[in-house]
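Notes to accompany the following structure.
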Amino acid sequence: MIEWVSLRTGARPVPQPVANPVVWVTAFGGASLLVAAHNALVGSDRPGWALAAVSLLAALLGLCARFTAAPGTAVLCWLILNGFAVPPAGTLTWTGPRDTFWLTCLCSAALVGTVLARVVHARAAYRRVAGRAAPPASELDDGRFGL
């Protein structure tokens, strides 16, 4: 006999992503702390290290976010990088190739984190829903014809 069970009851097969505003507030605060630590330890003359740290933050935030949060996360992180990781601090500027590259890196990092999380969650959900593997064909064949 087949018993139909809704996947919504009990444990959810895939965790619910965090709301976009929570991700964006965390991106703004985390990027601010990372850039402040970078400026205190390394200085503002090497913004590449700050870009790497903030890109890692964007990828980590992507692990618990929706796809729609990636552009906002990238823009918020870029604003902090552009405003405080390059001289003159506190002034937003647009340097075409550099800022385009930074925005691309940050958005890619956020999207890679989100895709990685979705793949891991989907595989785990499939394992929970599928249960154990089907028995081999030799165990199912008892030598008789019919069902």
Shortest non-hydrogen contact between [X] and [Y], atoms and distance:
X: A27; Y: T73; answer: CB-CG2, 3.9 Å
X: N39; Y: A85; answer: OD1-CA, 4.2 Å
X: V54; Y: A31; answer: CG1-CB, 4.2 Å
X: V42; Y: D45; answer: O-OD1, 3.8 Å
X: A69; Y: A65; answer: CB-CB, 4.0 Å
X: G62; Y: A117; answer: O-CB, 4.3 Å

Same cluster or not: [X] versus [Y], using hydrophobic residues (I, L, V, M, F, W, Y) connected whenever any side-chain heavy atoms lie under 4.5 Å apart?
X: V22; Y: L57; answer: yes
X: V25; Y: V23; answer: no
X: W102; Y: W24; answer: yes
X: L41; Y: F84; answer: no
X: W49; Y: L56; answer: no

Original post:
More than 12 heavy atoms of other residues, nucleotides or ligands under 6.0 Å from CZ of F67: is that the case?
Top reply: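 It does: F67 CZ has more than 12 such atoms within range.
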**OP:** Count the heavy atoms belonging to other residues, nucleotides or ligands that lie under 6.0 Å from CZ of R46, then report whether that count exceeds 12.
**Re:**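 Counting other residues, nucleotides and ligands, CZ of R46 stays at 12 neighbours or fewer.
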To the nearest 0.5 Å, what is the distance between [atom1] ([X]) and [atom2] ([Y])?
X: W94; Y: T100; atom1: CH2; atom2: OG1; answer: 4.0 Å
X: T104; Y: L111; atom1: OG1; atom2: CG; answer: 11.0 Å
X: R118; Y: R66; atom1: CZ; atom2: CZ; answer: 8.5 Å
X: W78; Y: C105; atom1: CH2; atom2: SG; answer: 14.0 Å
X: L81; Y: L106; atom1: CG; atom2: CG; answer: 6.0 Å

**OP:** Could you tell me whether the side chain of H38 and the main chain of G48 form a donor-acceptor pair under 3.5 Å?
**Re:**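 No, the answer is negative, given that no donor and acceptor are paired below the 3.5 Å cut-off.
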Original post:
Can you tell if the side chain of H121 reaches within under 4.5 Å of the side chain of L63, non-hydrogen atoms only?
Top reply: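 No; the side chains remain at least 4.5 Å from each other.
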**OP:** Apply the side chain to side chain contact (heavy atoms under 4.5 Å, CB included) test between N82 and each candidate in I80, V86, L79; give the one that qualifies.
**Re:**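 Among I80, V86, L79, the one that satisfies the side chain to side chain contact (heavy atoms under 4.5 Å, CB included) with N82 is V86.
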**OP:** Evaluate the side chain to side chain contact (heavy atoms under 4.5 Å, CB included) criterion for residues T93 and R98: first the C-alpha distance (whole Å), next the side-chain angles of each, then the deciding distance (0.1 Å), finally the verdict.
**Re:** CA-CA 11 Å; T93 59; R98 182 197 71 195; 3.9 Å; yes
